[in-house]
Chemist: 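Encoded as structure tokens, here's the structure I'll be asking about.
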Amino acid sequence: MEETLIRRISTPSLNHHRRGQKPASICWTPPSIQHCGIPLDPLLDHQPGMDSGSVMDLIEASSGAHFSGFHMNGLKKTDSAEQTSTSTTTNMQKQPFVIGVAGGAASGKTTVCDMIIQQLHDQRVVLVNQDSFYHTLSEEELERVQEYNFDHPDAFDTEKLLSAMEKLKNWEAVDIPNYDFKSYKHNIFPARRVNPSDVIILEGILAFHDPRVRELMNMKIFVDTDADVRLARRIRRDTVEKGRDIGAVLDQYSKFVKPAFDDFILPTKKFADIIIPRGGDNHVAIDLIVQHIRTKLGQHDLCKIYPNLYVIQSTFQIRGMHTLIRDAQTTKHDFVFYADRLIRLVVEHGLGHLPFTEKQIITPTGSVYTGVDFCKRLCGVSVIRSGESMENALRACCKGIKIGKILIHREGDNGQHLIYEKLPQDISERHVLLLDPILGTGNSAVQAISLLIKKGVPEPNIIFLNLISAPQGVHMVCKSFPRIKIVTSEIDIGLNEDFRVVPGMGEFGDRYFGTDDDDLQS
Ligand SMILES: Nc1ncnc2c1ncn2[C@@H]1O[C@H](COP(=O)(O)OP(=O)(O)O)[C@@H](O)[C@H]1O
Ligand SMILES: Nc1ccn([C@@H]2O[C@H](COP(=O)(O)O)[C@@H](O)[C@H]2O)c(=O)n1
Ligand SMILES: [Mg+2]
């Protein structure tokens, strides 16, 4: 496809087609699920707690009280850097919000970027121009510059651009070359040192052309301005600012600029998240974009990467509850009380992500009220045993809701996982609220979600509710299942050498159900 386009545009152009590209690819194999097939006692509907002897035996026999996060064998199955590392600082690097701005030449890209930067005045923003990565022309190319296609993807050193963007994304400083449009050279002015920032904007006619560069972007904007307006602006800019001859400008336009727009720039419009008609004149669009960027910057960095990750808005009440449940000195009674409060908030937030239908009712005043009807086909699934602590909150919010159970068990030292499940027969037709208060490595969550999907639950119908998530678990779940939703109340720093969430709050199940050593001794 790309080859065809290159041939179509190769009207006598001096550009050398400099290199081929490898598209970015992500490979990940979820750990396999094994079922042992031992039936649990009927666990559906209004059965608070887990009192089946056989299951309690399994829990006792299992190596570790918390069943929802620590599975070393699962970690060994993946070669992803996030999951193999044990450092608490893993992946804790700050993530800039990367915005790509593409559109035809003279469409108003630079103008739109300047307006965004001005309005984000309280943020650290850097602008990178794709123009800075034009190849320097050879002597031969310089001699016949009118035949050089500056609008073709091969006119840019995309490898260098990619490397600079990757560095900035990884919070490293870079030197951006300074391109001189008059001499077609870079060494006239020194390179510009660009420090990492909260927001990085990359603008250029072909900013969306390379898939690897696109992958780095959190938001893609296409500036859509009529061709005649673009041509008029270009004539003024190239004659006034660049001192070019109008005949040469028009020649360049019909020979290269217009065909390249049709063949390379316009086809990238489909990658845009936002299309701005009329560029800088569109104040409403720019206001909305700035508002969205501000919201994103206020969120946890992982929310910039994974749009389906929702961290409930922090308040002092929520921070206070976290302070209490995380405190090692908190009594069991207080732990349960504040954990229940937090769980209720997470459950209510999770329910807010369910689909709804519009419903009109008549109020006692005889007036019509247009509201919504709750989603009816629902069920909860708790990951035994910690997840059971969330069942009551779900029952309190959804009268008569069916609740299934999954037990993920590490068998001895051979690292095999067994899953015991008791789920509603018609689970594939329901929206599922998966309950587990801690998301640690993500291994248990991946197993539980894989089982639900195997049972026919569509991925977008699963909402995973938890109180505390480790970034490693978020990466693992979101990469494996990009269409499920995760709702959590706080994201912690990471995992320690024992794969426990830190700062965390210890073994949730033990603290909630009173089975930790201290309680047993007293
Ligand atoms: N809304 C606008 N109204 C009038 N002139 C504009 C507008 N937007 C941009 N321009 C002018 O058009 C030219 C191209 O705009 P620019 O933002 O540099 O486009 P791009 O970066 O897409 O090439 C510049 O001379 C700029 O001053
Ligand atoms: N030496 C050069 C390099 C590029 N161009 C033209 O610039 C346009 C891209 O810049 P925008 O700010 O408009 O995005 C592109 O259309 C090139 O033809 C040039 O004329 N001379
Ligand atoms: Mg520009």
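All ligand and atom numbering here is 1-based and tracks the order in the structure.
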Chemist: What heavy-atom pair brings P458 and S428 nearest, and what distance separates the two atoms?
Modeler: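 Answer, listing the atom of P458 first, then S428: CD-O, 3.7 Å.
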Chemist: State, to 0.1 Å, how close A470 and G494 come at their nearest heavy-atom pair, and which atoms those are.
Modeler: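 Minimum heavy-atom separation between A470 and G494: CB-O, 4.2 Å.
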Chemist: Closest non-hydrogen protein atom to atom 27 (O) of ligand 1, residue and atom name please, with distance?
Modeler: T111 OG1, 4.8 Å
Chemist: Which protein heavy atom lies closest to atom 4 (C) of ligand 2, and at what distance to 0.1 Å?
Modeler: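 For this ligand atom, the closest protein heavy atom is Y134 OH, 3.2 Å.
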Chemist: Should we count NZ of K304 as having more than 12 external heavy atoms under 6.0 Å?
Modeler: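 Above 12, so yes.
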Chemist: Do T370 and Q360 have a side chain donor and acceptor closer than 3.5 Å?
Modeler: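 Short answer, yes.
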Chemist: Kindly compute the distance separating CD1 (I205) from NZ (K109), expressed to the nearest 0.5 Å.
Modeler: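 Result: 6.5 Å between the selected atoms.
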Chemist: Which of the numbered atoms in ligand 2 are below 4.0 angstrom from a heavy atom of D151?
Modeler: 15 (C), 16 (O), 17 (C), 18 (O)
Chemist: Please work out whether any backbone atom (N, CA, C, O) or any side-chain heavy atom from C-beta onward of N129 is under 4.0 Å from ligand 2, and answer side chain, backbone, both or neither.
Modeler: neither
Chemist: When you look at F156 and Y134, which way does the ring pair (Phe, Tyr, Trp, His ring centres under 6.0 Å) test go after all the steps?
Modeler: CA-CA 4 Å; F156 297 95; Y134 267 119; 4.3 Å; yes
Chemist: Checking a contact table here: which protein heavy atom is nearest atom 2 (C) of ligand 1, and how many Å away?
Modeler: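 Protein heavy atom at minimum distance: R233 NH2, 3.2 Å.
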Chemist: Is A105 touching ligand 2 with its side chain, its backbone, both, or neither, if touching means heavy atoms under 4.0 Å apart?
Modeler: both
Chemist: When you measure from atom 7 (O) of ligand 2 to every protein heavy atom, which one gives the shortest distance, and what is it?
Modeler: F181 CE2, 3.9 Å
Chemist: For atom 24 (C) of ligand 1, what is the nearest protein heavy atom, given as residue, atom name and distance?
Modeler: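 The answer is R237 CD, 4.5 Å.
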Chemist: What do you reckon, does C113 put a non-hydrogen atom under 4.0 Å from ligand 1?
Modeler: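 False for this residue.
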Chemist: Number the atoms of ligand 1 from 1 as they appear, then name those within less than 4.0 Å of a heavy atom of G104, with their elements.
Modeler: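 By the 4.0 Å cutoff, the relevant atoms are 22 (O).
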Chemist: Out of all atoms in ligand 2, which are within 4.0 Å of some heavy atom of Y184? Include the element for each.
Modeler: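 Checking each atom against Y184, I get 1 (N).
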Chemist: If the plane angle is over 60° it's perpendicular, under 30° parallel, otherwise tilted; pick one for Y306 and H475.
Modeler: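 Perpendicular: the ring planes of Y306 and H475 meet at over 60°.
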Chemist: Would one find more than 12 heavy atoms of other residues, nucleotides or ligands at under 6.0 Å from atom CZ of F181?
Modeler: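 Check passes, neighbour count above 12.
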Chemist: State, yes or no, whether a side-chain contact exists between I201 and V126 at a heavy-atom distance under 4.5 Å.
Modeler: no
Chemist: If I compare all heavy atoms of Q130 with all of A207, which pair ends up nearest, and what's the gap?
Modeler: OE1-N, 3.3 Å
Chemist: Decide if the gap between the ring center of Y310 and the ring center of H353 is smaller than 6.0 angstrom.
Modeler: yes
Chemist: How does K109 reach ligand 2, if at all, at less than 4.0 Å between non-hydrogen atoms: by side chain, backbone, both, or neither?
Modeler: side chain
Chemist: Report the nearest protein non-hydrogen atom to atom 1 (N) of ligand 1: residue, atom name, distance rounded to 0.1 Å.
Modeler: D281 OD1, 2.9 Å
Chemist: Measure the shortest side-chain to side-chain distance between D301 and F97 over non-hydrogen atoms and say whether it is less than 4.5 angstrom.
Modeler: no
Chemist: State whether the shortest distance between N or O atoms of S107 and N or O atoms of ligand 1 falls below 3.5 angstrom.
Modeler: yes
Chemist: For atom 25 (O) of ligand 1, which of the options E241, Q130, M115, K109 provides the nearest non-hydrogen atom?
Modeler: E241
Chemist: Taking only heavy atoms of Y179, which atoms of ligand 2 are found under 4.0 Å from at least one of them?
Modeler: 1 (N), 2 (C), 3 (C)
Chemist: Of all the heavy atoms in G204, does at least one lie under 4.0 Å from an atom in ligand 2?
Modeler: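 It does not; every heavy atom stays at 4.0 Å or beyond.
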Chemist: Using a distance threshold of 2.8 Å, state whether an N, O or S atom of N129 lies below it from the Mg ion (ligand 3).
Modeler: no
Chemist: Which atoms form the tightest heavy-atom contact between K169 and I200, and what is the distance?
Modeler: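 For K169 versus I200, the nearest heavy atoms are N-CD1, 4.5 Å.
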Chemist: Provide the number and element of each atom of ligand 2 under 4.0 Å from a heavy atom of A106.
Modeler: 13 (O)
Chemist: Does some non-hydrogen atom of the protein lie less than 4.0 angstrom from atom 18 (O) of ligand 1?
Modeler: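 There is a protein heavy atom less than 4.0 Å from atom 18 (O) of ligand 1.
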Chemist: Under 4.0 Å from a heavy atom of R244: give me the atoms of ligand 2 that qualify, with their elements.
Modeler: 1 (N), 2 (C), 19 (C), 20 (O), 21 (N)
Chemist: Given Q252, R233, R237, R230, identify the one with the heavy atom nearest to atom 11 (P) of ligand 2.
Modeler: R237
Chemist: How close does the nearest protein non-hydrogen atom get to atom 21 (O) of ligand 1, and which residue and atom is it?
Modeler: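 Going by distance alone, atom 21 (O) of ligand 1 is nearest to T110 OG1, 2.7 Å.
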Chemist: Pick, from A232, A106, G108, the option with the minimum heavy-atom distance to atom 23 (O) of ligand 1.
Modeler: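 Among A232, A106, G108, the closest heavy atom to atom 23 (O) of ligand 1 belongs to A106.
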Chemist: For F150, run the ring-ring contact (aromatic ring centres under 6.0 Å, His included) check against F256, F264, Y184 and tell me which one passes.
Modeler: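 Result for ring-ring contact (aromatic ring centres under 6.0 Å, His included) with F150: Y184.
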Chemist: Kindly check if the number of other-residue, nucleotide or ligand heavy atoms within 6.0 Å of CZ (R236) is above 12?
Modeler: no
Chemist: Identify, by atom number and element, the atoms of ligand 2 in contact range of R234, meaning under 4.0 Å from any of its heavy atoms.
Modeler: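 Near R234, meaning under 4.0 Å from one of its heavy atoms, ligand 2 has 6 (C), 8 (C), 15 (C), 16 (O), 17 (C), 18 (O), 20 (O).
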Chemist: Within less than 4.0 angstrom of ligand 2, does T110 place any heavy atom?
Modeler: no
